[in-house]
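Throughout, protein chains are lettered first and strands after them, A, B, ... in sequence-line order, and every chain is numbered starting at 1. Bear in mind that the values here come from a model prediction, so they are computed numbers and not experimental data.
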There are 2 protein chains.
Amino acid sequence: MTTPATRTIPAADETARPTLAAVAARAGVSASTASLAFSGAGPVADDTRERVLAAARELNYGGPDPRARSLRTGRSGIIAVVMEDRIRDAFRDPMVVAMLDGIADELGQAGYSLLLLTDSDDRPVGGLRDASMDAALLLGCSTDLDPAVAVLSQRQVPLIGVEAREREGMHRVELDNREGMRTGAEHLHALGHRRVGVITLPMDRAHTRGPFTREWEAASDAYTGLERLAGVREVYPDAPAEVAAGSLIDEGHRAALALLRRHPELTAIVAQSDLLALGAIQAADELGLTVPDDLSVLGFDGARIDGLSIHRLTTLVQPIVEKGRAAARMALAALAGEPVADVFFTSELRLGTTTAAPRS
Amino acid sequence: MTTPATRTIPAADETARPTLAAVAARAGVSASTASLAFSGAGPVADDTRERVLAAARELNYGGPDPRARSLRTGRSGIIAVVMEDRIRDAFRDPMVVAMLDGIADELGQAGYSLLLLTDSDDRPVGGLRDASMDAALLLGCSTDLDPAVAVLSQRQVPLIGVEAREREGMHRVELDNREGMRTGAEHLHALGHRRVGVITLPMDRAHTRGPFTREWEAASDAYTGLERLAGVREVYPDAPAEVAAGSLIDEGHRAALALLRRHPELTAIVAQSDLLALGAIQAADELGLTVPDDLSVLGFDGARIDGLSIHRLTTLVQPIVEKGRAAARMALAALAGEPVADVFFTSELRLGTTTAAPRS
DNA sequence: CTCGGGTATCGAATCGATTCGACTCGCTAC
DNA sequence: GTAGCGAGTCGAATCGATTCGATACCCGAG
């Protein structure tokens with residue numbers, strides 16, 4: 001050994017995790033060479049590489065420590081997906097799952113992995129602020145989490161917002177929520193409906209239920225829900241709205257009951273998601289209303305929900321998986337230093353059996 | 001400034017990301033003090049902290065870089081969940097989602113975040129090997145991914161296997177799959193059933209469908225599926241089995257049709273998951289068989305699947321969310337250096353309306 | 001008046017790799 | 001005969017923080 005005796009030599013210490021330096025020493029090469037042998041970047045003689053790998057095997061070395069590599073290279077290979085809801089709630093929504101699917105697929109192919117973050121009351125530790133990530137995808141996040149996002153922005157982490165309010169330095173994936181809903185509302189109007197109610201997605205972080213008053217509307221910063229509502233209001237400016245606590249069948253059920261109790265004159269309900277629409281149909285059944293003759297129901301999403309209903313929902317189909325893919329690709333492009341253009345998707349009205357002309 | 005002019009001073013360079021050192025310099029304190037000011041560990045005078053934070057604001061510094069912190073402290077705050085399936089498939093399974101829910105809840109409270117990894121053909125980069133994580137939870141992983149897991153083991157990353165084959169240095173969360181299924185089979189036997197078939201979970205990584213032959217069985221290293229099958233075989237040693245390509249309703253449907261075509265004499269079907277059982281019921285309906293009189297169907301999981309069927313499934317209820325929580329807690333305990341004991345959960349037979357004595 | 005003890009701060013070592021520039025060979029081409 | 005080149009290797013700087021031990025200071029107790 002040429003190492004001076006003054007240095008601490010962890011030589012035969014079996015408990016400590018071996019380092020690249022230890023492997024290099026054992027193989028009789030420098031750390032730089034050993035690094036090259038592992039990464040494959042740069043020229044290394046075949047038998048040198050062999051010796052290094054052999055030494056690694058002998059020392060039970062499992063390859064370079066990702067932490068150190070990440071510090072040096074500035075890349076962690078991790079892309080975060082930030083959601084507002086608790087994971088439990090998020091996974092209940094088939095739209096979220098479908099989108100994650102698109103994201104994961106695209107990221108996986110590029111060799112990135114996916115960190116799931118929920119924007120939970122900004123904990124002192126463990127949140128957005130101190131997870132290392134190369135980029136972040138924000139799924140429908142309101143402005144509430146601005147401070148945390150600002151930190152990422154400061155760190156020059158590329159930010160992709162999916163159906164999120166516009167924001168300095170953030171790329172966006174958008175959907176024509178407003179236009180889609182207007183198209184849907186026009187469809188109802190053409191059928192002859194004049195009294196139409198809306199069941200909306202949550203309008204605040206607390207997932208409060210109830211009638212969507214003008215004051216509440218003024219205070220709300222929910223993005224997607226407001227856009228979809230605005231679309232309906234372009235056709236039915238005074239349509240009453242009931243806010244659900246989540247995109248869930250039960251919530252649609254509850255909201256529909258509330259809405260129909262307060263507004264028995266309604267002949268159609270526009271639900272801001274397919275799950276909500278399904279709940280509304282259930283509620284109609286219970287009230288003895290026939291869908292679509294007594295009550296038309298319109299959804300949004302184009303979720304393929306098999307067997308949950310005898311109806312084929314009239315709904316606005318959005319390319320949800322593609323949306324996920326697009327978001328992921330934008331992150332990858334930003335990381336590659338390529339220019340990134342915002343992406344806009346459009347939804348399409350799919351006619352089903354849940355809308356028809358109002359009776360009489 | 002007291003900094004010698006020979007050092008490169010990134011002073012007014014607005015493009016480079018500011019470092020803690022830069023902030024410290026600007027605040028007129030040492031890097032150590034600045035670090036303390038941010039982390040809160042150690043005594044710092046109030047006005048010193050103020051000055052540091054002010055300097056950070058001025059320099060647009062977003063807090064310590066997680067990468068560096070992670071290298072130094074040896075902790076990344078990330079716990080990985082490794083699944084075999086593609087995310088798309090995994091999320092379709094309500095059991096996986098429920099378990100992730102328990103995991104996420106427990107980890108979130110402890111300030112950890114959740115890295116989703118799928119064991120995809122061991123890509124050169126982006127897989128298990130080079131994501132930094134403090135611990136890994138392996139959800140029902142077969143031995144196929146041993147090499148990758150071995151690396152983690154070498155790195156002394158705590159490993160928790162949920163329904164995974166036993167493995168050196170891995171903690172386990174187990175379920176009484178075999179005993180549960182035996183109990184279910186005994187229930188059928190007590191009702192008088194003598195000809196019983198099984199629909200199994202996937203038995204290989206390729207998700208191959210088809211009759212589960214003895215050769216295949218010998219070659220398979222699926223863990224949960226084999227255990228559950230073994231439980232049934234303790235009562236019905238010769239029960240024919242049909243392998244499904246996933247825990248999905250459609251797969252249960254397909255498998256049941258195949259099974260009943262080959263074995264019309266069957267009076268009961270044991271499905272290895274509730275979704276498969278639901279599919280089997282659908283298939284029975286189509287074949288004009290009445291459940292439970294013509295065909296009894298037994299599930300496993302105790303998934304709460306509302307509205308998908310008019311039947312209440314007879315099934316083995318497992319504490320799935322608790323399983324997730326337990327796994328997460330084990331990881332946290334291991335990280336805290338506490339002793340970790342394996343955890344065993346038990347399932348319980350819940351009688352529904354899908355099993356009865358065979359006709360005649 | 002001095003000593004003990006707590007508070008605030010700093011310097012320097014350290015975490016474990018990657019990477020750039022320099023250096024040494026052996027060979028070819030002019 | 002030597003300039004030029006490419007392959008292979010090494011040394012040293014660097015990434016950006018945390019943390020340990022030392023130091024300086026102030027205050028109260030003895």
### Query
Under 3.5 Å, is there a donor-acceptor pair between the side chain of B:Asp134 and the main chain of B:Ser76?
yes
### Message
Please encode protein proximity along nucleotides 4-9 of chain D as a string of B, S and -, counting only heavy-atom distances under 4.0 Å.
### Response
----BB
### Query
For B:Asp221, does its backbone N or O pair with a side-chain atom of B:Arg165 as donor and acceptor, under 3.5 Å?
yes
#### Entry: N/O (side chain, A:Tyr61) to phosphate O (OP1/OP2, C:dA17) under 4.0 Å
yes
### Task
Give the nucleotide from the list D:dT14, C:dC10, D:dC10 with an atom nearest to the side chain of B:Ser32.
C:dC10
### Message
Taking only side-chain N and O atoms of B:Ser35, does any of them lie within less than 4.0 angstrom of OP1 or OP2 on D:dA17?
### Response
no
#### Entry: Test item: B:Arg67 side-chain N/O and A:Gly74 main-chain N/O as donor-acceptor pair under 3.5 Å
yes
Provide a list of protein-nucleic acid N or O atom pairs under 3.5 angstrom, restricted to nucleotides 21-23 of chain D.
none

### Query
In terms of side-chain heavy atoms, does B:Thr33 have a donor or acceptor partner in B:Ser30 at a distance below 3.5 Å?
yes
### Message
Ignoring hydrogens, what is the shortest heavy-atom contact between A:Arg17 and B:Gln154? Give both atom names and the distance.
### Response
CG-O, 4.0 Å
### Task
With the side chain of B:Thr73 defined as its heavy atoms from C-beta on, choose the nearest nucleotide among D:dT19, D:dG16, C:dT18.
D:dT19
### Message
So, OP1 or OP2 of D:dG16: does either fall under 4.0 Å of a side-chain N or O from B:Arg17?
### Response
yes
### Task
For the side chain of B:Leu71, starting at C-beta, report the closest nucleotide among D:dA17, D:dG16, C:dT18.
D:dG16
### Backbone of A:Pro66 reached by a side-chain donor or acceptor of B:Asp130 within 3.5 Å
no
### Message
Are more than 12 heavy atoms, taken from residues, nucleotides or ligands other than B:Glu166, located less than 6.0 Å from that residue's CD atom?
### Response
no
### Task
Verify the contact: side-chain N or O of A:Arg67 to OP1 or OP2 of C:dG16, cut-off strictly under 4.0 Å; return yes or no.
no
### Message
Taking donor-acceptor contacts at under 3.5 Å, does the side chain of B:Arg69 reach the base of D:dT18?
### Response
no
### Message
Using a 3.5 Å distance criterion without hydrogens, assess whether the side chain of A:Arg155 forms a donor-acceptor pair with backbone atoms of A:Arg129.
### Response
yes
### Query
Touch check for A:Phe38, heavy atoms < 4.0 angstrom, all strands: base, sugar-phosphate only, or nothing?
nothing
